[in-house]
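Shown next, in structure tokens, is the structure this report addresses.
What you see is a predicted model; the values in this text were computed from it and never measured. One-based numbering, in listed order, for ligands and for the atoms of each.
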Amino acid sequence: METLTVALGSREYPILVGQGILENGGLLLPFLRSPKIAIVTNTTVAPLYLERFSTPLRNAGIDIAEIILPDGEQHKNWQTLNTIFDVLLERRCERSSTLIGLGGGVIGDMAGFAAACYQRGMPFIQVPTTLLSQVDSSVGGKTAINHPLGKNMIGAFYQPKLVLADTDCLNTLPDRELLAGLAEVIKYGLIRDLPFLVWLEANLERLLEREPRALEYAICRSCANKAEVVVADEHERGERALLNLGHTFGHAIETGMGYGKWLHGEAVAAGTMMAAELSRQLGWIDLDDLKRIENLFERAGLPVFGPAMGADRYLELMQHDKKVQDGKLRLVLLKQIGQAVVSDMASPTEIGKAITSRSTDV
Ligand code: NAD
Ligand code: GLY
């Protein structure tokens, strides 16, 4: 098992990454403040992992409230969030009870937001079960639900006490979900870790074949990158925004197409190609760089063009981005491969041109 640390002073917490650790309740017990916990999961993950995860804890005398939500991005909303509060209250969970999110990023984001709000904050633990959640969403304390007008628009920064990532869970993950997770892995290479990008180019097939050692390496390297950025800029006043490469375009795709139609990672891949095209138009990267990025996403089975919603519709949806300042869009672009920047240099016309050249009917 590997241990990484998110070094946030008195709120520092470990990320444990390893095979089979989900069933090791002993790893979790020291992080509980009381013998009462609530586990938030969904109808897909519960039959696969809930019993395996909860049995050792029950055997250790922990009282567990189970909260099983409907599965899907389209349920990441107020109504579903409220069902978490219903059970927490019905089961008389207290401020010292721990809320645990067992599932992918949708569960982690919703459970984390519920934990931030319930009685003004209860302890929270992330047990991510998708590649995307193990490399990104479980680390760093961003929690949220969607609004019909915009992705992740309602939420809070709320750090977990522990992240426990069992790489064995990835064995049951559908192929499409594994690939979507790779989009966020590739992101770290593009924005700040060129040697990792080179490693990914050389080892992608090992990841696609789910080779445990390759997956563990990619997860740890991704989490190490994320932890460094979060420690430097927890509340996204600057550097943390770089983690959103491709996301402003990608969130427009997710919202515009209807939540759940495009997976988050797929939208990020297509959005990253739009950001790369814009970076090329600005003269920062060249055509070879663009092709290099496209080639890696294509090898990973990810879309390299977004849906043809029309540039104006994209731009309208992108206005709901959290980086918008004084009504002006700010985008994460590539100065070069391995170095991202936040820029407001591109005009709507230039942005629209990049969108049009990287979108197609699907
Ligand atoms: P997801 O949570 O929808 O999970 C994908 C699918 O896999 C779901 O159907 C889920 O039930 C299923 N699943 C989960 N674990 C499984 C397993 N081990 N075996 C089989 N099936 C399994 O999607 P995701 O890609 O994990 O997360 C996407 C969400 O994360 C988006 O809402 C996105 O906005 C959010 N996100 C948040 C952050 C953050 O920093 N908080 C970062 C990136 C993404
Ligand atoms: N996924 C972007 C962030 O955590 O900041």
Side-chain angles (χ1 to χ4, degrees), residues 6 22 40-50 52-53 68-77 80 101-113 116 126-146 150-153 155-160 163 165-185 187-188 191 210 222-223 225-248 250-251 253-255 259-260 262-268 322-323 332:
V6 184
L22 181 102
V40 179
T41 186
N42 71 22
T43 47
T44 303
V45 178
L48 292 168
Y49 297 111
L50 184 55
R52 272 201 242 173
F53 177 65
I68 301 175
L69 304 177
D71 184 11
E73 185 75 39
Q74 67 276 26
H75 298 293
K76 191 178 164 185
N77 57 28
T80 314
L102 171 70
V106 169
I107 287 295
D109 279 15
M110 270 197 295
F113 189 34
Q126 287 268 22
V127 185
T129 60
T130 62
L131 181 61
L132 186 140
S133 56
Q134 294 188 351
V135 299
D136 191 349
S137 63
S138 63
V139 175
K142 275 193 184 175
T143 73
I145 54 168
N146 300 327
K151 263 282 286 183
N152 295 335
M153 276 292 144
F157 285 101
Y158 195 67
Q159 299 293 341
V163 179
D166 184 343
T167 51
D168 277 352
C169 292
L170 304 180
N171 293 330
T172 56
L173 200 61
D175 284 339
R176 189 175 165 204
E177 298 292 350
L178 185 89
L179 306 184
L182 286 174
E184 299 280 20
V185 174
K187 170 188 81 179
Y188 294 110
I191 62 169
R210 306 185 194 217
S222 299
C223 287
N225 269 295
K226 177 128 190 198
E228 268 180 37
V229 174
V230 167
V231 166
D233 178 24
E234 182 182 0
H235 295 112
E236 200 168 308
R237 314 255 188 253
E239 185 184 351
R240 185 165 181 171
L242 302 181
L243 294 172
N244 285 328
L245 176 66
H247 283 59
T248 305
H251 285 166
I253 295 172
E254 289 185 86
T255 309
Y259 296 126
W262 277 60
L263 300 184
H264 177 70
E266 294 170 345
V268 165
K322 291 184 282 306
K323 288 184 294 302
V332 183

Q | Residue shell around ligand 1, heavy atom under 4.0 angstrom | A |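 Ligand 1 pocket, heavy atoms under 4.0 Å: Asn42, Thr44, Val45, Leu48, Tyr49, Asp71, Glu73, Lys76, Gly104, Gly105, Val106, Asp109, Thr129, Thr130, Leu132, Asp136, Ser137, Lys142, Lys151, Asn152, Cys169, Thr172, Leu173, Pro174, Glu177, Glu184, Lys226, His264.
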If we ignore hydrogens and angles and just use 3.5 Å, is the side chain of [X] paired with the main-chain N or O of [Y] as donor and acceptor?
{"X": "Thr41", "Y": "Leu102", "answer": "yes"}
{"X": "Asp175", "Y": "Leu178", "answer": "no"}
{"X": "Arg210", "Y": "Leu170", "answer": "yes"}
{"X": "Tyr259", "Y": "Gly72", "answer": "no"}
{"X": "Gln134", "Y": "Pro128", "answer": "yes"}

Q | Partners meeting side-chain hydrogen bond (donor to acceptor under 3.5 Å, both in side chains) with Glu234 (sequence neighbours left out) | A |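 side-chain hydrogen bond (donor to acceptor under 3.5 Å, both in side chains) check on Glu234 returns Arg11, Gln159.
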Q | Approximate separation, where rounding is to 0.5 Å, of Ile191 CD1 and Leu242 CG | A | 6.0 Å
Q) Is the closest side-chain heavy-atom distance between Asn146 and His251 below 4.5 Å? A) no
Ligand 2 polar-atom proximity to protein (N/O, under 3.5 Å):
{"residue": "ligand 2", "atom": "1 (N)", "partner": "Asp136", "partner atom": "OD1", "Å": "3.2"}
{"residue": "ligand 2", "atom": "4 (O)", "partner": "Lys226", "partner atom": "NZ", "Å": "2.5"}
{"residue": "ligand 2", "atom": "4 (O)", "partner": "Arg240", "partner atom": "NH2", "Å": "2.8"}
{"residue": "ligand 2", "atom": "5 (O)", "partner": "Lys142", "partner atom": "NZ", "Å": "2.8"}
{"residue": "ligand 2", "atom": "5 (O)", "partner": "Arg240", "partner atom": "NE", "Å": "2.7"}
{"residue": "ligand 2", "atom": "5 (O)", "partner": "Arg240", "partner atom": "NH2", "Å": "3.4"}

(Q) I need the full list of salt bridge (charged side-chain N to carboxylate O under 4.0 Å, His left out) pairs touching residues 136-145, with sequence neighbours left out, sorted by first then second residue. (A) Asp136-Lys187, Asp136-Lys226, Lys142-Glu236
